[in-house]
Q: 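Let me give you the structure first, and then I'll get to my questions.
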Amino acid sequence: MVVENIGPALANLADPFVIFLMTAGVLLGIIMGSIPGMTATMTIAVLLSFTFTMDPAHGMMLLLGIYGGAVYSGSIPAILIRTPGTPSAAATLFDGHPLSKKGEAGRAIRASTVASFIGGVISVLALMFFSPVIAGAALEFRSPEFFALAVFGLTIIASVSGDSLTKGMVSGLLGMLVATVGIDPITGFHRYTFDMATLLTGVEFIAVMIGLFGIAEGLRKYSQGIDDDTDEAAQEMSGVFPSRSDLKSIMPVSIGSGVLGAFIGSIPGAGGDIAAFITYNEATRWLKDAVPAFGDGNIRGVAAAESGNNASTGGALIPTLTLGIPGDSVSAILIGALMVHDINPGPGLYQDEPELLYTIFVGFLVIYILILIFGLLGANYWARLINIPSSHIWPVILVLCVIGSIALRGNVFDAWVMLGAGVLGYAMRLRGYPLAPMVLGLILAPIAEVNLRRSLVLSGGSLDIFYTSPIALLVLLLSAAAITVPAVRSVRA
(Lines give C-alpha, C1' and ligand atoms only; values in the text may rest on other atoms or scores of the structure.)
Protein backbone atom coordinates (compact mmCIF):
# COMPACT_ATOMS: atom_id res chain seq x y z
CA MET A 1 0.00 0.00 0.00
CA VAL A 2 2.74 2.46 0.96
CA VAL A 3 5.08 1.68 -1.97
CA GLU A 4 2.41 1.81 -4.64
CA ASN A 5 1.28 5.27 -3.54
CA ILE A 6 4.75 6.83 -3.32
CA GLY A 7 5.12 6.93 -7.14
CA PRO A 8 2.03 9.11 -7.78
CA ALA A 9 3.02 11.29 -4.80
CA LEU A 10 6.46 11.94 -6.28
CA ALA A 11 4.85 12.75 -9.62
CA ASN A 12 2.65 15.36 -7.93
CA LEU A 13 5.63 16.88 -6.15
CA ALA A 14 7.64 17.14 -9.39
CA ASP A 15 5.40 20.01 -10.49
CA PRO A 16 7.54 23.22 -10.50
CA PHE A 17 4.66 25.14 -8.91
CA VAL A 18 4.53 22.68 -6.01
CA ILE A 19 8.30 22.96 -5.54
CA PHE A 20 7.92 26.75 -5.50
CA LEU A 21 5.14 26.54 -2.88
CA MET A 22 7.19 24.27 -0.62
CA THR A 23 10.26 26.48 -0.95
CA ALA A 24 8.27 29.67 -0.35
CA GLY A 25 6.53 28.09 2.64
CA VAL A 26 9.80 26.98 4.24
CA LEU A 27 11.47 30.38 3.74
CA LEU A 28 8.43 32.25 5.05
CA GLY A 29 8.22 29.90 8.02
CA ILE A 30 11.90 30.40 8.83
CA ILE A 31 11.52 34.18 8.70
CA MET A 32 8.34 34.31 10.77
CA GLY A 33 9.46 31.68 13.28
CA SER A 34 12.63 33.63 14.01
CA ILE A 35 10.62 36.68 15.14
CA PRO A 36 9.59 36.29 18.80
CA GLY A 37 5.83 35.94 19.06
CA MET A 38 5.18 35.26 15.37
CA THR A 39 4.25 31.60 15.72
CA ALA A 40 3.55 29.00 13.06
CA THR A 41 -0.10 28.97 14.09
CA MET A 42 -0.46 32.70 13.55
CA THR A 43 1.30 32.69 10.19
CA ILE A 44 -0.70 29.74 8.86
CA ALA A 45 -3.97 31.23 10.10
CA VAL A 46 -3.24 34.48 8.25
CA LEU A 47 -2.30 32.74 4.99
CA LEU A 48 -4.94 30.02 5.10
CA SER A 49 -7.37 31.87 2.86
CA PHE A 50 -4.79 31.98 0.04
CA THR A 51 -5.01 28.18 -0.25
CA PHE A 52 -8.78 28.01 -0.73
CA THR A 53 -8.53 28.37 -4.51
CA MET A 54 -5.57 25.97 -4.80
CA ASP A 55 -5.56 22.26 -5.33
CA PRO A 56 -5.70 20.64 -1.85
CA ALA A 57 -2.25 19.07 -2.24
CA HIS A 58 -0.75 22.39 -3.35
CA GLY A 59 -2.25 24.29 -0.45
CA MET A 60 -1.07 21.68 2.05
CA MET A 61 2.50 21.91 0.76
CA LEU A 62 2.54 25.67 1.36
CA LEU A 63 1.08 25.34 4.85
CA LEU A 64 3.30 22.41 5.86
CA GLY A 65 6.36 24.31 4.61
CA ILE A 66 5.45 27.21 6.93
CA TYR A 67 4.80 24.77 9.78
CA GLY A 68 8.14 22.98 9.55
CA GLY A 69 10.14 26.15 8.83
CA ALA A 70 8.68 28.08 11.77
CA VAL A 71 9.16 25.26 14.29
CA TYR A 72 12.79 24.91 13.17
CA SER A 73 13.69 28.60 13.13
CA GLY A 74 12.38 29.33 16.62
CA SER A 75 15.78 28.04 17.75
CA ILE A 76 17.69 30.82 15.98
CA PRO A 77 16.80 33.71 18.34
CA ALA A 78 16.90 31.26 21.26
CA ILE A 79 20.55 30.60 20.45
CA LEU A 80 21.52 34.13 19.47
CA ILE A 81 19.67 36.40 21.90
CA ARG A 82 18.24 34.03 24.54
CA THR A 83 14.70 34.64 23.30
CA PRO A 84 12.86 31.69 21.74
CA GLY A 85 11.09 32.58 18.51
CA THR A 86 8.37 29.98 19.16
CA PRO A 87 7.26 28.30 22.40
CA SER A 88 8.71 24.97 21.31
CA ALA A 89 12.22 26.50 21.20
CA ALA A 90 12.21 27.46 24.88
CA ALA A 91 14.25 24.38 25.84
CA THR A 92 16.84 25.10 23.12
CA LEU A 93 18.16 28.21 24.81
CA PHE A 94 19.45 26.24 27.84
CA ASP A 95 22.51 25.09 25.89
CA GLY A 96 22.14 27.08 22.67
CA HIS A 97 22.73 30.52 24.16
CA PRO A 98 25.75 29.46 26.26
CA LEU A 99 27.29 28.17 23.02
CA SER A 100 26.63 31.56 21.43
CA LYS A 101 28.31 33.27 24.39
CA LYS A 102 31.37 31.11 23.71
CA GLY A 103 31.51 32.25 20.07
CA GLU A 104 29.93 29.05 18.76
CA ALA A 105 26.52 30.30 17.56
CA GLY A 106 27.11 28.92 14.06
CA ARG A 107 27.99 25.53 15.51
CA ALA A 108 24.83 25.54 17.62
CA ILE A 109 22.61 26.53 14.67
CA ARG A 110 24.16 23.85 12.46
CA ALA A 111 23.57 21.24 15.15
CA SER A 112 19.98 22.41 15.64
CA THR A 113 19.43 22.21 11.87
CA VAL A 114 20.67 18.63 11.61
CA ALA A 115 18.75 17.57 14.73
CA SER A 116 15.60 19.26 13.43
CA PHE A 117 15.99 17.36 10.16
CA ILE A 118 16.49 14.04 11.95
CA GLY A 119 13.51 14.58 14.25
CA GLY A 120 11.32 15.73 11.38
CA VAL A 121 12.23 12.78 9.16
CA ILE A 122 11.62 10.29 11.98
CA SER A 123 8.19 11.80 12.63
CA VAL A 124 7.24 11.73 8.94
CA LEU A 125 8.32 8.08 8.64
CA ALA A 126 6.25 7.28 11.73
CA LEU A 127 3.34 9.15 10.15
CA MET A 128 3.76 7.22 6.91
CA PHE A 129 4.22 3.69 8.23
CA PHE A 130 2.86 3.54 11.78
CA SER A 131 0.21 6.26 12.03
CA PRO A 132 -2.81 4.01 12.68
CA VAL A 133 -0.99 2.12 15.46
CA ILE A 134 0.40 5.25 17.12
CA ALA A 135 -2.94 7.03 16.84
CA GLY A 136 -4.62 4.09 18.57
CA ALA A 137 -2.12 4.24 21.42
CA ALA A 138 -2.53 8.01 21.73
CA LEU A 139 -6.30 7.59 21.98
CA GLU A 140 -5.76 5.67 25.21
CA PHE A 141 -4.81 8.98 26.82
CA ARG A 142 -7.79 10.30 28.77
CA SER A 143 -7.92 12.74 31.67
CA PRO A 144 -5.93 10.55 34.14
CA GLU A 145 -3.22 9.92 31.57
CA PHE A 146 -2.96 13.60 30.62
CA PHE A 147 -2.68 14.54 34.29
CA ALA A 148 0.10 11.99 34.77
CA LEU A 149 1.90 13.32 31.69
CA ALA A 150 1.67 16.88 33.03
CA VAL A 151 3.04 15.77 36.41
CA PHE A 152 5.90 14.01 34.63
CA GLY A 153 6.58 17.23 32.73
CA LEU A 154 6.67 19.22 35.96
CA THR A 155 9.43 16.95 37.29
CA ILE A 156 11.65 18.53 34.64
CA ILE A 157 11.82 21.59 36.93
CA ALA A 158 14.50 19.72 38.88
CA SER A 159 16.65 19.51 35.74
CA VAL A 160 16.35 23.16 34.75
CA SER A 161 16.64 24.77 38.18
CA GLY A 162 20.39 25.33 38.05
CA ASP A 163 22.24 25.35 41.36
CA SER A 164 19.20 25.92 43.57
CA LEU A 165 16.28 23.50 43.46
CA THR A 166 14.44 25.70 45.97
CA LYS A 167 14.61 28.73 43.69
CA GLY A 168 13.59 26.54 40.76
CA MET A 169 10.53 25.34 42.65
CA VAL A 170 9.58 28.92 43.58
CA SER A 171 9.89 29.92 39.93
CA GLY A 172 7.78 26.95 38.82
CA LEU A 173 5.08 27.66 41.40
CA LEU A 174 5.00 31.30 40.30
CA GLY A 175 4.34 30.15 36.73
CA MET A 176 1.58 27.84 37.94
CA LEU A 177 0.02 30.73 39.88
CA VAL A 178 0.01 32.99 36.80
CA ALA A 179 -1.61 30.17 34.81
CA THR A 180 -4.64 30.21 37.14
CA VAL A 181 -5.65 33.72 36.05
CA GLY A 182 -8.92 33.76 34.10
CA ILE A 183 -12.10 31.72 34.13
CA ASP A 184 -12.09 28.46 36.09
CA PRO A 185 -12.24 25.73 33.41
CA ILE A 186 -14.58 23.51 35.44
CA THR A 187 -16.88 25.82 37.42
CA GLY A 188 -16.68 29.01 35.34
CA PHE A 189 -15.78 31.25 38.31
CA HIS A 190 -13.49 34.21 37.71
CA ARG A 191 -10.03 33.89 39.27
CA TYR A 192 -7.66 36.81 39.88
CA THR A 193 -9.30 38.87 37.12
CA PHE A 194 -9.84 41.98 39.31
CA ASP A 195 -12.94 42.79 37.25
CA MET A 196 -10.78 43.30 34.15
CA ALA A 197 -12.38 41.88 31.01
CA THR A 198 -8.97 41.45 29.37
CA LEU A 199 -8.00 38.90 32.04
CA LEU A 200 -11.06 36.67 31.54
CA THR A 201 -9.23 34.65 28.89
CA GLY A 202 -6.16 34.39 31.08
CA VAL A 203 -2.64 35.67 30.65
CA GLU A 204 -1.23 35.05 27.17
CA PHE A 205 1.55 32.52 27.64
CA ILE A 206 3.61 33.60 24.63
CA ALA A 207 3.55 37.25 25.74
CA VAL A 208 4.87 36.18 29.16
CA MET A 209 7.59 34.07 27.52
CA ILE A 210 8.71 36.94 25.28
CA GLY A 211 8.91 39.19 28.32
CA LEU A 212 10.72 36.69 30.54
CA PHE A 213 13.44 36.06 28.00
CA GLY A 214 13.48 38.88 25.43
CA ILE A 215 12.64 41.97 27.50
CA ALA A 216 14.52 40.69 30.57
CA GLU A 217 17.64 40.09 28.47
CA GLY A 218 17.29 43.56 26.95
CA LEU A 219 17.01 45.14 30.41
CA ARG A 220 20.12 43.23 31.47
CA LYS A 221 22.00 44.52 28.43
CA TYR A 222 21.02 48.13 29.04
CA SER A 223 21.78 47.90 32.76
CA GLN A 224 25.32 46.72 31.92
CA GLY A 225 25.84 49.41 29.30
CA ILE A 226 24.49 48.78 25.83
CA ASP A 227 27.67 49.95 24.11
CA ASP A 228 29.83 47.55 26.09
CA ASP A 229 30.10 44.39 23.97
CA THR A 230 32.97 42.84 25.86
CA ASP A 231 30.78 39.92 26.93
CA GLU A 232 30.04 38.99 23.32
CA ALA A 233 32.57 36.50 21.98
CA ALA A 234 33.69 36.71 18.36
CA GLN A 235 31.73 34.12 16.42
CA GLU A 236 33.65 31.37 14.71
CA MET A 237 32.58 30.69 11.09
CA SER A 238 33.78 27.25 10.09
CA GLY A 239 32.13 25.91 6.98
CA VAL A 240 28.59 24.86 6.16
CA PHE A 241 28.37 21.41 7.70
CA PRO A 242 28.74 20.34 11.34
CA SER A 243 32.07 18.77 12.21
CA ARG A 244 32.38 15.01 12.19
CA SER A 245 32.76 14.97 15.96
CA ASP A 246 29.60 17.03 16.41
CA LEU A 247 27.66 14.73 14.10
CA LYS A 248 28.89 11.70 16.01
CA SER A 249 27.92 13.37 19.28
CA ILE A 250 24.42 14.52 18.36
CA MET A 251 23.28 11.59 16.19
CA PRO A 252 22.24 9.15 18.98
CA VAL A 253 20.44 11.78 21.06
CA SER A 254 18.74 13.20 17.96
CA ILE A 255 17.41 9.78 16.95
CA GLY A 256 16.20 8.95 20.45
CA SER A 257 14.62 12.37 20.94
CA GLY A 258 13.01 12.11 17.50
CA VAL A 259 11.28 8.84 18.37
CA LEU A 260 10.09 10.14 21.75
CA GLY A 261 9.08 13.52 20.30
CA ALA A 262 7.02 11.89 17.54
CA PHE A 263 5.07 9.87 20.09
CA ILE A 264 4.50 12.87 22.39
CA GLY A 265 3.41 14.95 19.41
CA SER A 266 0.85 12.30 18.48
CA ILE A 267 -0.93 12.82 21.81
CA PRO A 268 -3.65 15.40 21.07
CA GLY A 269 -2.92 18.65 22.87
CA ALA A 270 0.66 17.84 23.89
CA GLY A 271 2.51 20.00 21.34
CA GLY A 272 6.12 20.76 20.52
CA ASP A 273 6.88 22.70 23.70
CA ILE A 274 6.10 19.72 25.94
CA ALA A 275 7.94 17.39 23.54
CA ALA A 276 11.05 19.61 23.63
CA PHE A 277 11.16 19.87 27.42
CA ILE A 278 10.62 16.14 27.93
CA THR A 279 13.22 15.08 25.35
CA TYR A 280 15.72 17.58 26.78
CA ASN A 281 15.09 16.28 30.28
CA GLU A 282 15.49 12.65 29.18
CA ALA A 283 18.80 13.56 27.52
CA THR A 284 20.06 15.08 30.78
CA ARG A 285 18.88 12.00 32.63
CA TRP A 286 20.67 9.51 30.37
CA LEU A 287 23.81 11.58 29.84
CA LYS A 288 24.45 12.54 33.46
CA ASP A 289 28.22 12.83 33.12
CA ALA A 290 28.19 14.92 29.94
CA VAL A 291 31.05 17.37 29.44
CA PRO A 292 30.39 20.25 29.34
CA ALA A 293 27.40 19.86 31.62
CA PHE A 294 23.91 20.43 30.26
CA GLY A 295 23.08 24.10 30.60
CA ASP A 296 26.70 25.16 30.07
CA GLY A 297 26.74 24.80 26.29
CA ASN A 298 26.44 21.09 25.53
CA ILE A 299 25.73 20.54 21.85
CA ARG A 300 23.68 17.44 22.67
CA GLY A 301 21.27 19.57 24.70
CA VAL A 302 20.53 21.64 21.59
CA ALA A 303 20.08 18.47 19.54
CA ALA A 304 17.73 16.83 22.07
CA ALA A 305 15.41 19.83 22.29
CA GLU A 306 15.36 20.53 18.54
CA SER A 307 14.89 16.92 17.47
CA GLY A 308 12.06 16.55 19.98
CA ASN A 309 10.12 19.66 18.99
CA ASN A 310 10.48 19.07 15.25
CA ALA A 311 9.46 15.44 15.64
CA SER A 312 6.21 16.67 17.18
CA THR A 313 5.16 18.18 13.83
CA GLY A 314 4.73 14.85 12.05
CA GLY A 315 3.50 13.34 15.30
CA ALA A 316 0.72 15.92 15.52
CA LEU A 317 -0.47 14.94 12.04
CA ILE A 318 -0.97 11.32 13.10
CA PRO A 319 -4.26 11.80 14.99
CA THR A 320 -5.16 14.62 12.61
CA LEU A 321 -5.12 12.52 9.45
CA THR A 322 -6.04 9.11 10.85
CA LEU A 323 -8.75 10.11 13.34
CA GLY A 324 -9.70 13.67 12.45
CA ILE A 325 -8.54 14.83 15.91
CA PRO A 326 -6.10 17.79 15.83
CA GLY A 327 -2.77 17.05 17.50
CA ASP A 328 -2.02 20.74 18.10
CA SER A 329 -3.25 24.18 17.11
CA VAL A 330 -1.60 24.10 13.68
CA SER A 331 -3.10 20.74 12.75
CA ALA A 332 -6.52 22.09 13.76
CA ILE A 333 -6.09 24.77 11.08
CA LEU A 334 -4.93 22.12 8.59
CA ILE A 335 -8.16 20.19 9.21
CA GLY A 336 -10.05 23.33 8.28
CA ALA A 337 -7.97 23.73 5.12
CA LEU A 338 -8.91 20.19 4.02
CA MET A 339 -12.58 20.54 4.92
CA VAL A 340 -12.88 23.62 2.70
CA HIS A 341 -12.26 21.19 -0.17
CA ASP A 342 -14.83 18.68 1.17
CA ILE A 343 -12.07 16.39 2.42
CA ASN A 344 -12.75 15.05 5.89
CA PRO A 345 -9.69 13.78 7.81
CA GLY A 346 -10.23 10.44 9.47
CA PRO A 347 -10.02 6.70 8.81
CA GLY A 348 -11.78 7.06 5.47
CA LEU A 349 -9.02 9.29 4.14
CA TYR A 350 -6.80 6.25 3.54
CA GLN A 351 -9.45 4.73 1.23
CA ASP A 352 -10.90 7.89 -0.33
CA GLU A 353 -7.81 10.06 -0.87
CA PRO A 354 -4.69 7.85 -0.80
CA GLU A 355 -2.89 9.94 -3.43
CA LEU A 356 -3.42 13.17 -1.46
CA LEU A 357 -2.43 11.46 1.77
CA TYR A 358 0.87 10.15 0.43
CA THR A 359 1.57 13.45 -1.32
CA ILE A 360 1.36 15.02 2.14
CA PHE A 361 3.66 12.35 3.59
CA VAL A 362 6.34 12.54 0.90
CA GLY A 363 5.98 16.32 0.57
CA PHE A 364 6.59 16.83 4.29
CA LEU A 365 9.73 14.70 3.94
CA VAL A 366 10.92 16.95 1.09
CA ILE A 367 10.12 20.00 3.21
CA TYR A 368 12.51 18.79 5.90
CA ILE A 369 15.19 18.30 3.26
CA LEU A 370 14.66 21.93 2.22
CA ILE A 371 14.89 22.99 5.88
CA LEU A 372 18.21 21.13 6.16
CA ILE A 373 19.57 22.85 3.04
CA PHE A 374 18.45 26.38 3.93
CA GLY A 375 19.37 25.94 7.58
CA LEU A 376 22.93 24.86 6.88
CA LEU A 377 23.46 27.46 4.17
CA GLY A 378 22.14 30.21 6.41
CA ALA A 379 23.72 29.19 9.73
CA ASN A 380 26.81 31.38 9.47
CA TYR A 381 24.76 34.34 8.20
CA TRP A 382 22.43 34.08 11.20
CA ALA A 383 25.43 33.78 13.52
CA ARG A 384 26.89 37.01 12.13
CA LEU A 385 23.89 38.90 13.50
CA ILE A 386 25.31 38.52 16.99
CA ASN A 387 28.34 40.62 15.94
CA ILE A 388 26.15 43.62 15.14
CA PRO A 389 26.73 46.25 17.85
CA SER A 390 24.24 45.89 20.69
CA SER A 391 23.30 49.56 20.42
CA HIS A 392 21.96 48.80 16.93
CA ILE A 393 20.41 45.38 17.31
CA TRP A 394 18.71 45.53 20.71
CA PRO A 395 16.34 48.43 19.94
CA VAL A 396 15.16 46.42 16.91
CA ILE A 397 14.74 43.27 19.01
CA LEU A 398 12.71 45.12 21.64
CA VAL A 399 10.45 46.63 18.97
CA LEU A 400 9.92 43.17 17.44
CA CYS A 401 9.05 41.82 20.88
CA VAL A 402 6.35 44.48 21.28
CA ILE A 403 5.00 43.86 17.77
CA GLY A 404 5.01 40.10 18.29
CA SER A 405 3.14 40.32 21.59
CA ILE A 406 0.45 42.63 20.19
CA ALA A 407 0.06 40.50 17.05
CA LEU A 408 -0.85 37.45 19.14
CA ARG A 409 -4.43 38.55 19.66
CA GLY A 410 -4.44 42.12 18.37
CA ASN A 411 -4.55 43.20 22.01
CA VAL A 412 -2.36 46.00 23.40
CA PHE A 413 -2.88 44.56 26.88
CA ASP A 414 -0.63 41.63 25.89
CA ALA A 415 2.19 44.13 25.35
CA TRP A 416 1.77 45.35 28.93
CA VAL A 417 1.78 41.73 30.13
CA MET A 418 5.01 41.20 28.19
CA LEU A 419 6.62 44.30 29.71
CA GLY A 420 5.54 43.27 33.21
CA ALA A 421 6.93 39.79 32.66
CA GLY A 422 10.15 41.37 31.41
CA VAL A 423 10.60 43.39 34.59
CA LEU A 424 9.77 40.31 36.67
CA GLY A 425 12.22 38.19 34.67
CA TYR A 426 14.98 40.78 35.10
CA ALA A 427 14.40 40.92 38.86
CA MET A 428 14.41 37.11 39.07
CA ARG A 429 17.70 36.89 37.17
CA LEU A 430 19.26 39.45 39.50
CA ARG A 431 18.30 37.24 42.44
CA GLY A 432 19.41 34.02 40.80
CA TYR A 433 15.95 32.56 40.14
CA PRO A 434 15.86 30.45 36.94
CA LEU A 435 13.23 31.44 34.37
CA ALA A 436 12.71 28.08 32.66
CA PRO A 437 10.73 26.54 35.56
CA MET A 438 8.26 29.43 35.37
CA VAL A 439 7.68 28.68 31.68
CA LEU A 440 7.14 25.02 32.53
CA GLY A 441 4.61 25.98 35.17
CA LEU A 442 2.76 28.19 32.71
CA ILE A 443 2.58 25.43 30.09
CA LEU A 444 1.80 22.44 32.25
CA ALA A 445 -0.30 23.81 35.12
CA PRO A 446 -3.48 24.23 33.02
CA ILE A 447 -3.12 20.69 31.65
CA ALA A 448 -2.56 19.24 35.12
CA GLU A 449 -5.38 21.21 36.74
CA VAL A 450 -8.07 20.52 34.14
CA ASN A 451 -7.32 16.83 33.87
CA LEU A 452 -6.96 16.30 37.64
CA ARG A 453 -10.32 17.89 38.34
CA ARG A 454 -12.00 16.22 35.39
CA SER A 455 -10.67 12.84 36.52
CA LEU A 456 -11.99 13.38 40.05
CA VAL A 457 -15.38 14.41 38.68
CA LEU A 458 -15.51 11.22 36.58
CA SER A 459 -14.50 9.03 39.54
CA GLY A 460 -16.75 10.76 42.07
CA GLY A 461 -13.75 12.09 43.98
CA SER A 462 -11.90 8.76 44.16
CA LEU A 463 -8.18 8.60 43.45
CA ASP A 464 -8.62 5.03 42.18
CA ILE A 465 -8.95 6.38 38.65
CA PHE A 466 -5.22 7.13 38.57
CA TYR A 467 -3.82 3.76 39.62
CA THR A 468 -6.43 1.64 37.83
CA SER A 469 -5.17 3.10 34.55
CA PRO A 470 -1.95 1.24 33.61
CA ILE A 471 -0.63 4.14 31.56
CA ALA A 472 -1.34 6.77 34.23
CA LEU A 473 0.13 4.56 36.94
CA LEU A 474 3.30 3.91 34.92
CA VAL A 475 3.83 7.60 34.16
CA LEU A 476 3.21 8.61 37.79
CA LEU A 477 5.72 6.00 38.96
CA LEU A 478 8.25 7.38 36.48
CA SER A 479 7.54 10.85 37.87
CA ALA A 480 8.17 9.64 41.40
CA ALA A 481 11.41 7.99 40.30
CA ALA A 482 12.48 11.18 38.53
CA ILE A 483 12.17 13.05 41.81
CA THR A 484 13.48 10.49 44.31
CA VAL A 485 16.45 9.02 42.45
CA PRO A 486 18.38 12.34 42.14
CA ALA A 487 17.52 13.14 45.78
CA VAL A 488 18.87 9.79 47.00
CA ARG A 489 22.03 10.21 44.92
CA SER A 490 22.66 13.68 46.31
CA VAL A 491 22.23 12.41 49.88
CA ARG A 492 24.69 9.54 49.27
CA ALA A 493 27.16 11.92 47.70
Side-chain angles (χ1 to χ4, degrees), residues 20-51 54 59-90 92-93 96 109 112-113 116-117 120 204-207 209-211 213-214 271-273 276 306 309-310 312-313 316 328-334 336-337 363-364 367-368 370-379 381-383 385 393 396-411 414-415 418:
F20 166 76
L21 288 175
M22 288 191 291
T23 304
V26 168
L27 290 174
L28 183 60
I30 289 174
I31 292 170
M32 299 304 287
S34 62
I35 300 174
M38 304 300 285
T39 62
T41 305
M42 184 191 310
T43 307
I44 289 175
V46 169
L47 296 178
L48 178 63
S49 59
F50 290 94
T51 68
M54 295 182 184
M60 288 296 289
M61 290 305 100
L62 174 64
L63 298 178
L64 289 174
I66 296 171
Y67 186 19
V71 172
Y72 153 69
S73 67
S75 65
I76 295 172
I79 291 168
L80 296 179
I81 59 173
R82 204 176 180 269
T83 305
T86 56
S88 59
T92 306
L93 62 82
I109 294 175
S112 77
T113 302
S116 298
F117 169 74
E204 177 56 52
F205 153 65
I206 299 175
M209 188 184 72
I210 293 172
F213 294 107
D273 39 8
E306 282 302 298
N309 66 27
N310 280 270
S312 72
T313 58
D328 59 9
S329 56
V330 172
S331 55
I333 299 174
L334 296 179
F364 209 10
I367 283 167
Y368 268 102
L370 291 173
I371 289 172
L372 178 68
I373 294 170
F374 292 135
L376 291 177
L377 291 177
Y381 295 100
W382 286 113
L385 292 176
I393 194 171
V396 176
I397 291 171
L398 295 177
V399 169
L400 289 176
C401 287
V402 174
I403 293 173
S405 62
I406 294 175
L408 292 168
R409 301 186 294 186
N411 191 343
D414 289 334
M418 177 205 64

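Any value given below was found using the heavy atoms of this structure, including those in side chains, with hydrogens, waters and symmetry copies removed. Quick caveat, the model's predicted, so the values are computed rather than measured. This chain uses plain numbering: 1 for the first residue, then up along the sequence.
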Q: CG/L28 to CG/L62 distance, rounded to the nearest 0.5 angstrom?
A: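 It is 7.5 Å, given to the nearest 0.5 Å.
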Q: Just verifying a value: how many Å separate S34 OG and I81 CD1, rounded to the nearest 0.5 Å?
A: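 If we round to the nearest 0.5 Å, S34:OG and I81:CD1 are 9.5 Å apart.
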Q: So, using ring pair (Phe, Tyr, Trp, His ring centres under 6.0 Å) as the criterion, who are the partners of F364 when residues are at least two apart?
A: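 Ring pair (Phe, Tyr, Trp, His ring centres under 6.0 Å) list for F364, sorted by chain: Y368.
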Q: So which heavy atom on S112 is nearest to which on E306, and how close?
A: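 Between these two residues, the closest heavy atoms are CB-CG, 3.6 Å.
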Q: As an exercise, state the distance from CE of M61 to OG1 of T51, rounded to the nearest 0.5 Å.
A: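 Reported to 0.5 Å precision, the distance equals 11.5 Å.
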Q: Using side-chain heavy atoms (C-beta onward) and a distance below 4.5 Å, is L64 in contact with L334?
A: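 A side-chain contact under 4.5 Å exists here.
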Q: Okay, side chain of N309, backbone of S88: is any donor-acceptor separation there less than 3.5 Å?
A: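 Yes.
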Q: Under the side chain to side chain contact (heavy atoms under 4.5 Å, CB included) rule, what do T23 and F374 come out as? Steps first, then yes or no, please.
A: CA-CA 10 Å; T23 304; F374 292 135; 3.7 Å; yes
Q: So do the side chains of T113 and Y72 get within less than 4.5 Å of each other, counting heavy atoms only?
A: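 Sidechains of Y72 and T113: in contact.
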Q: Are any non-hydrogen side-chain atoms of E204 and N411 less than 4.5 angstrom apart?
A: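 No - every pair of side-chain heavy atoms lies 4.5 Å or more apart.
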Q: Where is the tightest heavy-atom contact between I406 and A415, given as atom of each residue plus distance?
A: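 Between these two residues, the closest heavy atoms are CG1-CB, 3.7 Å.
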Q: What's the shortest heavy-atom distance between G29 and S73, and which atoms?
A: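 Shortest heavy-atom contact: O-OG, 3.4 Å.
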Q: Once rounded to the nearest 0.5 Å, what's the spacing between atom CD1 of I371 and atom OG1 of T313?
A: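 The CD1 atom of I371 sits 7.5 Å away from the OG1 atom of T313.
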Q: Who passes side-chain hydrogen bond (donor to acceptor under 3.5 Å, both in side chains) against T83, sequence neighbours left out?
A: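 Per chain and number, T83 pairs via side-chain hydrogen bond (donor to acceptor under 3.5 Å, both in side chains) with no residue.
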Q: Taking all atoms of both residues into account, what is the closest heavy-atom pair of L63 and I44, and its distance?
A: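 In terms of heavy atoms, the two residues are closest at O-CD1, 3.6 Å.
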Q: How close do L93 and A78 get, counting heavy atoms only, and between which atoms?
A: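 That closest heavy-atom pairing would be CB-O, 3.6 Å.
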Q: For I210 and S405, work out which heavy atoms get closest and say how close.
A: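 Taking I210 first and S405 second, the nearest heavy atoms are CD1-N, 4.3 Å.
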